[in-house]
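Comments concern the structure below.
Count residues from 1 along the sequence.
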Amino acid sequence: MERATAETSIAISVDLDGQGRYDVDTGNGFLDHMVSQIARHGLFDIELKAEGDTHVGWHHLVEDTAIMLGRAFGQALGEPRGIRRMGHAIVPLDETLVMVAVDWSGRPYVAVDTTLNETMVETLSGDLVAHFLESFAIEARINLHARVLAGVSPHHKAEALCKALARALRDAVEPDPRAAGQVPSTKGTLDA
């Protein structure tokens with residue numbers, strides 16, 4: 001997928017049945033690190049090249065990267081038949097503990113508590129970490145709950161959130177051998 005606006009230019013490909021390979025270049029090392037964690041710990045292959053008007057700050061690039069990542073995940077999933085649909089992970093990283101739960105319901109909803117507002121996470125403001133998660137979930141059309149349960153280091157909190165998101169997404173898209181070909185909903189659709 002590709003998208004170019006007056007603010008950013010992004011090219012991305014996602015393989016949900018990957019090996020955790022990634023080639024990520026956004027111009028922001030910490031954003032690259034976050035996306036790489038999603039690829040590696042979800043066993044998704046992600047290629048991402050993003051450029052933007054970073055002279056005004058990182059907001060546009062982070063937001064548009066998350067939008068395109070969410071759209072690419074949604075497109076890669078296709079019709080959600082035979083998947084587990086829901087997944088969750090509790091991930092420790094040194095002093096930090098994070099919980100993430102997802103439901104690939106087709107109904108986006110986001111409840112995120114990163115505890116990172118008004119702090120810097122390397123080169124990104126903490127509010128952009130939450131905004132990245134929110135934008136991704138809305139565009140992927142998933143229900144996302146993410147919460148930092150304990151922690152001190154902003155880097156560890158953001159990294160653990162991405163690792164936990166990766167593990168939860170991996171569980172959600174895994175084929176369910178007991179429900180092969182079935183839509184995991186009593187509605188018969190996950191479209192709305």
Shortest non-hydrogen contact from Gly126 toward Thr114: O-OG1, 4.5 Å

Tyr22-Phe44 aromatic ring centre distance below 6.0 Å: no

CZ-CZ distance between Arg141 and Arg107, expressed to the nearest 0.5 angstrom: 9.5 Å

Parallel, tilted or perpendicular, as decided by the 30° and 60° cut-offs, for the rings of Phe136 and Phe73: perpendicular

Non-hydrogen atoms of Ala172 and Gly87 that approach each other most closely: CB-N, 4.0 Å

Atom of Thr8, atom of His60 and distance for their closest heavy-atom approach: CG2-O, 3.7 Å

Any Glu159 side-chain heavy atom under 4.5 Å of His33 side chain: yes

Closest heavy-atom pair and its distance - Ile10, Ala50: CG1-CB, 3.8 Å

Heavy-atom closest pair, residues Leu116 and Thr119: O-CG2, 2.7 Å

Apart from Val91 itself, residues in the same hydrophobic cluster as defined by side-chain heavy atoms under 4.5 Å: none

Side chain proximity check, His88 to Val102, heavy atoms < 4.5 angstrom: no

Contact check, side chains of Leu124 and Phe132, non-hydrogen atoms, under 4.5 Å: no

Shortest non-hydrogen contact from Met34 toward Val129: SD-CG2, 4.3 Å

side-chain contact (heavy atoms from CB on, under 4.5 Å) between Leu133 and Leu144, worked out: CA-CA 8 Å; Leu133 296 170; Leu144 169 67; 4.1 Å; yes

Polar contact flag, side-chain donor to acceptor under 3.5 angstrom, Thr123-Asn28: yes

Pairwise side-chain contact, Ile46 with Val35, heavy-atom cut-off 4.5 Å (strictly under): yes

Check: Asp127/Ser125 side-chain N/O donor and acceptor closer than 3.5 Å: yes

Approximate separation, where rounding is to 0.5 Å, of Glu47 CD and Lys49 NZ: 12.5 Å

Glu174/Arg84 salt bridge by N-O under 4.0 Å criterion: no

Positive for side chain to side chain contact (heavy atoms under 4.5 Å, CB included) with Leu161, one of Val148, Leu93, Ile38: Val148

Donor-acceptor contact below 3.5 Å, side chain Asp45 vs main chain Arg21: yes

